[in-house]
Protein chains: 2
Amino acid sequence: MAKDVTLADVARLSGVSRATASRALNNRPGVKPAVRERVLSVASESGYRPNRAAQNLAGNGTSVIGLLLGHAYLEQLPYAGLLVQEVTRAADAHGLGVLLITDMDNPSRGVRNLVNDGLVNGVVVSVTATDNLWTDELLEANMPAVQVGQGRLATPVKTVDVENKESSAHIVGHLLDTGCIKLGTITGPLDRLDARLRHEGFLLAHERRSIPVDESLILEGNNSKERAYELAAELLDRQPDGVFAGNDQTALAVCRQARERGINIPEQLSVAGFDGTYIDEFSIPRITSVVQPFTELGTKLVEGLIAAMNGDNEAGHQLLTPSFFYGETTRPPVN
Amino acid sequence: MAKDVTLADVARLSGVSRATASRALNNRPGVKPAVRERVLSVASESGYRPNRAAQNLAGNGTSVIGLLLGHAYLEQLPYAGLLVQEVTRAADAHGLGVLLITDMDNPSRGVRNLVNDGLVNGVVVSVTATDNLWTDELLEANMPAVQVGQGRLATPVKTVDVENKESSAHIVGHLLDTGCIKLGTITGPLDRLDARLRHEGFLLAHERRSIPVDESLILEGNNSKERAYELAAELLDRQPDGVFAGNDQTALAVCRQARERGINIPEQLSVAGFDGTYIDEFSIPRITSVVQPFTELGTKLVEGLIAAMNGDNEAGHQLLTPSFFYGETTRPPVN
DNA sequence: TTGTAAGCGTTATCAT
DNA sequence: ATGATAACGCTTACAA
């Protein structure tokens with residue numbers, strides 16, 4: 001259709017210079033109201049759309065943010081899918097596009113691309129199970145960034161995460177309060193803060209009820225389904241009557257193991273997870289879990305990133321409040 | 001670190017002009033081998049990365065493709081997640097970035113943005129259950145595009161899809177050959193070609209075995225989980241001994257309904273789906289299904305798009321060969 | 001084979 | 001308040 005309308009066209013049609021047109025369009029001061037209005041209406045009538053590549057080149061930054069997912073991250077469905085969805089939605093609400101980056105094999109190369117390619121001027125990075133080399137690279141490159149979840153204990157970058165410790169304590173409390181007396185757990189990688197906090201929540205719930213923790217039932221996983229499946233086998237050999245998993249994928253692996261051993265859930269074994277990704281009407285089973293507020297997560301991430309792009313370099317760590325879902329993997333509360 | 005290295009830097013360091021450097025970098029003819037080599041090595045040593053925004057502006061098109069997902073598409077996990085993953089992977093292999101677009105509320109606006117923003121010069125569009133208004137918009141805007149799956153009968157755009165009819169006939173045949181004599185089905189929306197073909201496969205399998213089809217057990221769904229759940233209730237009321245679902249989500253909804261009615265799978269009810277998204281070691285249950293070759297799908301989509309971007313406007317329809325997975329929702333073959 | 005120079009669409013720095 | 005004009009980094013005729 002109609003050849004692309006450029007700023008020059010709008011300027012000409014409005015009888016002003018490109019500079020003035022630009023100012024008007026960008027809500028910059030120093031434009032007579034009448035002129036501004038005229039430019040604006042011409043722009044909208046002509047279907048003008050700024051060329052972002054040009055805006056970017058001209059030094060004003062892009063209207064595209066990057067979303068950096070670990071190589072294996074997208075496979076870790078459905079968490080990743082929800083994250084992508086909500087970040088995209090939130091970004092869109094701010095007129096920002098989302099460039100998906102999944103190549104994590106070589107952090108350096110990837111980040112350099114991001115920075116130098118000039119298509120992106122801010123990045124939402126997800127912590128992966130393995131590391132967060134990316135964060136260093138990004139900071140070094142002076143690229144505004146926000147991280148999903150908490151990695152190392154002190155990450156010098158903005159992070160947004162769900163509250164982990166108390167939430168975990170709450171859901172573990174549910175296990176203990178519905179009859180479990182011998183809980184096992186498969187944690188995430190404990191060098192990651194979020195995994196550690198979830199585990200601390202596990203311990204805390206016991207402590208509050210003065211119930212001893214059986215150390216032999218604490219297994220450290222790495223959030224991968226495969227590892228979780230192996231560990232579940234090991235754990236179930238020791239016959240716990242309940243399991244708290246560091247995430248829902250792990251919880252599902254436990255359910256799978258139980259199923260294969262003919263252990264009934266929740267009659268013989270209760271299972272609780274974290275994330276809230278298997279709670280809809282159709283999941284089998286619906287897993288009792290701490291539910292991440294994904295929509296809010298996306299919103300806060302994008303807001304945080306925008307702040308960072310505007311020069312706010314404070315490395316605040318924001319915590320969101322989760323909700324809880326009591327599914328079919330735990331018994332109903334005893335009153 | 002090191003301030004962004006530009007083409008000018010590389011040129012200066014190599015003792016040539018920017019034009020020559022550009023030619024060397026882009027494998028253009030007319031550069032003395034020795035010079036080319038020098039430029040290349042300088043570029044790599046200095047960590048040079050072309051600024052894509054600039055490349056784009058200069059008229060050479062972008063190195064970013066769009067991936068257009070329906071508004072509700074990303075929720076339709078895990079299919080969407082796999083698609084995103086594989087398209088991204090394939091794109092990356094060609095040095096292309098992927099810009100994710102999910103806003104489908106207003107096609108016109110979205111497409112115009114895509115086209116005019118100048119960040120993307122090719123799009124992979126997924127057919128959604130609702131429509132493909134996008135396709136028209138895209139074509140009208142002269143934007144190179146490839147579509148995932150087949151929508152209307154004759155789509156004037158390149159498409160890549162899994163073979164639907166014979167594959168469905170095969171998996172339905174498996175149901176019939178393992179003892180089912182009263183099959184029901186919940187199809188996708190039949191105004192979509194892929195859904196229709198899958199249904200034709202269902203009919204074909206019966207025909208080949210001279211088994212009559214019970215028309216009252218054919219229900220048309222819309223690929224949404226919610227609708228599938230409702231229809232499953234309706235269908236199970238009529239007591240089929242097997243169900244072929246238009247996709248795995250639907251199959252899962254059927255399993256859910258069965259579970260809630262105390263119907264055992266596969267003893268009392270066999271279920272088969274399409275997509276192959278619930279077949280891994282951890283899914284509960286592992287659903288017998290036609291397995292889409294997702295990796296190949298991503299590859300073909302990107303290849304097709306690249307061809308389209310290079311001027312190949314032929315609207316070919318490419319069919320991929322799926323594999324089959326026999327899971328826990330069907331009985332083992334009777335020998 | 002290589003260099004010069006003219007854009008690409010936008011924003012920003014000056015003047016005016 | 002507005003308008004020239006110079007960048008931004010790159011590609012590409014057109015010259016040499």
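All of these numbers come straight from a predicted model, not from anything done at the bench. In the text below, chain A, chain B and the rest are named by the order of the sequence lines, each starting its count at 1.
Contacts of B:Glu303 classified as side chain to side chain contact (heavy atoms under 4.5 Å, CB included), with partners at least two apart in sequence or in another chain: B:His94, B:Thr299, B:Lys300. Applying the side chain to side chain contact (heavy atoms under 4.5 Å, CB included) test to B:Ala145 and every residue at least two apart in sequence or in another chain returns B:Val125, B:Leu138, B:Val157. Residues passing the salt bridge (Lys or Arg N to Asp or Glu O under 4.0 Å) test with A:Arg38: none are found, sequence neighbours excluded.
Residues B:Gly304 and B:Val146 share a closest heavy-atom pair of C-CG2, 3.6 Å.
Each end of the helix from C:dT1-D:dA16 to C:dT16-D:dA1 gets its own rotation axis from five pairs of C1' atoms, and the angle between them is 40° to the nearest 10 degrees.
Taking the side chain of A:Arg28 as heavy atoms from C-beta on, and the options C:dT10, C:dA12, D:dG9, the nearest nucleotide is C:dA12. Each of D:dT11, C:dT11, C:dT10 was ranked by its minimum atom distance to the side chain of A:Tyr48; first place goes to C:dT10.
In terms of phosphate contacts, A:Thr6 brings no side-chain nitrogen or oxygen within less than 4.0 Å of OP1 or OP2 of C:dG9. In terms of phosphate contacts, B:Ser22 brings a side-chain nitrogen or oxygen within less than 4.0 Å of OP1 or OP2 of D:dT11.
When the C1' atom of C:dC8 is taken as reference, atom CG of A:Asn51 falls 8 Å away, rounded to whole Å. If you measure from atom CD of B:Glu37 to atom C1' of C:dT2, you get 18 Å, rounded to the nearest angstrom. Regarding A:Leu7, its CG atom lies at a distance of 12 Å from the P atom of C:dA12, rounded to whole Å. Atom CG in B:Asn26 sits about 5 Å away from atom P in D:dT11, given to the nearest Å. Computed from coordinates, the B:Leu25 CG to D:dG9 C1' distance equals 12 Å when rounded to whole Å.
Separating the CG atom in B:Leu320 from the CD atom in B:Glu296 is a distance of 4.5 Å, to the nearest 0.5 Å.
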Report task. Please step through salt bridge (Lys or Arg N to Asp or Glu O under 4.0 Å) for the pair B:Asp9 and B:Arg12, ending with a clear verdict. Result -> CA-CA 5 Å; B:Asp9 297 326; B:Arg12 185 168 33 70; 2.8 Å; yes
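A:Ser14 is not listed as a side-chain neighbour of A:Val35, based on a closest heavy-atom distance of 4.5 Å or more.
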Which pairs, protein N/O on one side and nucleotides 2-4 of chain D N/O on the other, fall under 3.5 Å?
residue, atom, partner, partner atom, Å
D:dT2, OP2, A:Lys32, N, 2.6
D:dG3, OP2, A:Ser17, N, 2.8
D:dG3, OP2, A:Ser17, OG, 3.1
D:dG3, OP2, A:Thr20, OG1, 2.7
D:dG3, N7, A:Arg23, NH2, 2.8
D:dG3, O6, A:Arg23, NH1, 3.3

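B:Lys158 places no side-chain N or O within donor-acceptor distance of the main-chain N or O of B:Leu305, the cut-off being under 3.5 Å.
Counting only residues at least two apart or on different chains, the side-chain hydrogen bond (donor to acceptor under 3.5 Å, both in side chains) pairs with a member in residues 15-24 of chain B are B:Ser17-B:Thr20, B:Ser22-B:Asn26.
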